[in-house]
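Structure, as structure tokens:
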Amino acid sequence: MKMFRNLLALAALFAAGALPAAIVGDPAVQAIVIDGDGTVRDWKAGRRSLLQPGTFSGFEIVDEVSGKRARLTGHAVPDGEALVFSGRAAELELDFTARFTPRGGAIDLYFEISDTTGGDRAVTVTLIMALKPSQWHFGNTWGDRSWSEECHPGRGYAQFDGIAGHRQSQIPLTGVFDDMTGVGYAHSMKTPRFFSYHYNLDNDGVGRLHADVPLGLAQETARFPGKAWFELSLYAFDAESGFRGALAEYYKLFPECFEHRSNYEGSWALWINDFESAAACGVGYHQCEYEYISAAAMTATQAAGMMVSQYSEPWGYWMPLPKGWGKEHLSGEKPGFELNVPLVTRDY
């Protein structure tokens, strides 16, 4: 009877979204504390509490077409050492699931989102951690040999590049550190996603570490219609080593990205004109865009003992359209793009 009452009480808590907080990870190394509704209550590193009380930490989603924004709440339930947070953003007509799984000293996040309208969508998912005021430093590889910038209230910090209209972090990790603690986000270079990491401080010195991930939800993806997902890891690093400590952790987190797979060694260079000199200087790979290298250049590269490493970029492919097409279709004089250009689909 007592067990039955306990189950009823747990069910009532679940229905009310008031499940007790759960800890994922090892607080002595790194852990996050998540309330029953999915709000992140704390982020611990070396048992130090990092998050600012009373300030939101957790997930947000914005619909890029309507501009509507929602903070995600739902139900967070332990699953062994992991924790599963799921629910629905009703105002955006989206379902979501997030799974936090400890791995060594890191916490891996898998986040999946599903459209419920039956249409195509463009959304951005953001993970926000609001850190307590301290003399934080933002790690980047743009500055001097310290690989960091001292952070000040009222400013933002990022290491972005613009790719196909998106802000993309130039390196696959981010991190902030003070004189005691270093924490950050990272993703595998094997994951083809746009990740935009940035750190913004308000005028009171509370800093919000962001991971923005734009996602497209398309019904044409036969294996997962209307769905998209991403993976990243939360990690702690040695603050005394600064951002170099973050990079050291990255090597441990994703060793598969650094496996030696080639029997041919050498550096790489772009736009080589003197092939013999390049080879003599230790260049092993001539990196070139697929549409810009001639057959003669390929032959000369190989004759000098180097390999040709061709590449292409998704935004490098262009669809030719008739003159005046854009003006006609954007003005509404003729039906829009989706009614005039046939879609090329694959069984993804």
Side-chain angles (χ1 to χ4, degrees), residues 24-25 30 32 34 38-40 43 57-65 69-74 76 79 82-89 92-103 106-116 120-129 158-175 183-199 208-221 223-235 246 249-250 253-254 256-257 313-315 348:
V24 182
Q30 184 204 201
I32 53 174
I34 301 179
T39 303
V40 180
W43 192 5
S57 292
F59 293 100
E60 289 186 348
I61 296 182
V62 60
D63 184 300
E64 296 294 349
V65 176
R69 182 182 299 270
R71 289 179 176 176
L72 299 188
T73 57
D79 182 12
L83 183 136
V84 178
F85 167 45
S86 59
R88 167 169 290 190
L92 298 182
E93 299 182 277
L94 294 166
D95 291 337
F96 65 88
T97 299
R99 183 179 182 88
F100 295 90
T101 306
R103 175 169 62 97
I107 298 172
D108 292 338
L109 166 65
Y110 173 88
F111 188 97
E112 181 176 292
I113 191 167
S114 303
D115 166 69
T116 63
D120 293 345
R121 310 284 297 277
V123 301
T124 296
V125 181
T126 299
L127 173 62
I128 304 170
M129 293 293 201
Q159 186 172 345
F160 286 147
D161 202 350
I163 302 177
H166 290 282
R167 298 187 308 175
Q168 165 74 22
S169 290
Q170 286 192 328
I171 53 177
L173 70 157
T174 193
V183 288
Y185 307 140
H187 65 272
S188 172
M189 289 184 285
K190 287 190 169 184
T191 304
R193 299 289 187 276
F194 285 98
F195 286 88
S196 298
Y197 300 130
H198 53 108
Y199 183 58
R208 292 167 175 80
L209 188 62
H210 290 246
D212 298 338
V213 188
L215 297 171
L217 310 177
Q219 299 302 316
E220 285 75 20
T221 48
R223 295 183 185 175
F224 46 91
K227 293 183 180 181
W229 62 89
F230 67 88
E231 298 172 88
L232 62 77
S233 297
L234 295 83
Y235 69 102
E249 288 299 318
Y250 188 87
L253 281 173
F254 305 107
E256 69 278 4
C257 294
E313 298 166 331
W315 47 91
Y348 286 102

Taking it one step at a time, do Leu217 and Ile113 satisfy side-chain contact (heavy atoms from CB on, under 4.5 Å)? CA-CA 8 Å; Leu217 310 177; Ile113 191 167; 3.8 Å; yes

In sequence, state the C-alpha distance, the side-chain angles, and the governing distance for Glu60 and Ile128, and then conclude on side-chain contact (heavy atoms from CB on, under 4.5 Å). CA-CA 8 Å; Glu60 289 186 348; Ile128 304 170; 3.8 Å; yes

For the [atom1] atom of [X] and the [atom2] atom of [Y], what is their distance to the nearest 0.5 Å?
| X | Y | atom1 | atom2 | result |
| --- | --- | --- | --- | --- |
| Thr174 | Leu209 | OG1 | CG | 5.5 Å |
| Leu92 | Ile61 | CG | CD1 | 6.5 Å |
| Leu109 | Ile107 | CG | CD1 | 10.0 Å |
| Ile32 | Met129 | CD1 | CE | 5.0 Å |
| Ser169 | Phe195 | OG | CZ | 9.5 Å |
| Leu127 | Leu234 | CG | CG | 6.0 Å |

Tyr235 backbone acceptor or donor facing Gln30 side chain under 3.5 Å: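 Such a contact is found between Gln30 side chain and Tyr235 backbone.
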
Is Asp115 reaching over with its side chain to a backbone N or O of Arg121, donor-acceptor style, under 3.5 angstrom?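 Between the backbone of Arg121 and the side chain of Asp115 there is no qualifying donor-acceptor contact (under 3.5 Å).
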
Quick one: closest heavy-atom pair of [X] and [Y], and the distance?
| X | Y | answer |
| --- | --- | --- |
| Glu256 | Ser188 | OE2-OG, 3.7 Å |
| Met189 | Pro172 | CG-CG, 3.7 Å |
| Leu253 | Ser233 | CD1-CB, 4.5 Å |
| Val24 | Pro102 | CG1-CD, 3.7 Å |
| Leu173 | Ala186 | CB-CB, 3.9 Å |
| Ala76 | Leu83 | CB-CD2, 3.7 Å |

Within residues 189-198 or reaching into it, pairs that qualify as side-chain hydrogen bond (donor to acceptor under 3.5 Å, both in side chains) - sequence neighbours excluded: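 Listed once each, the pairs are His187-Tyr197, His198-Asn200, His198-Asp212.
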
With heavy-atom distances below 4.5 Å as the criterion, would you say the side chains of [X] and [Y] are in contact?
| X | Y | answer |
| --- | --- | --- |
| Ser114 | Glu112 | yes |
| Lys227 | Thr221 | no |
| Gln159 | Ile171 | yes |

Phe85 vs Ile34, test: side-chain contact (heavy atoms from CB on, under 4.5 Å). Steps then yes/no. CA-CA 9 Å; Phe85 167 45; Ile34 301 179; 5.6 Å; no

Using a 3.5 Å cut-off and no angle test, enumerate the donor-acceptor pairs between side-chain atoms of residues 94-101 and protein atoms at least two apart in sequence or in another chain.
residue : atom : partner : partner atom : Å
Asp95   : OD1  : Arg88   : NE           : 2.5
Asp95   : OD1  : Arg88   : NH2          : 3.2
Asp95   : OD2  : Arg88   : NH2          : 3.1
Arg99   : NH1  : Asp79   : OD2          : 2.9
Arg99   : NH2  : Asp79   : OD2          : 3.1

Could you check, using the six-membered ring where one of them is a Trp, whether Phe111 and Phe59 have ring centers closer than 6.0 angstrom?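 Under 6.0 Å, so yes.
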
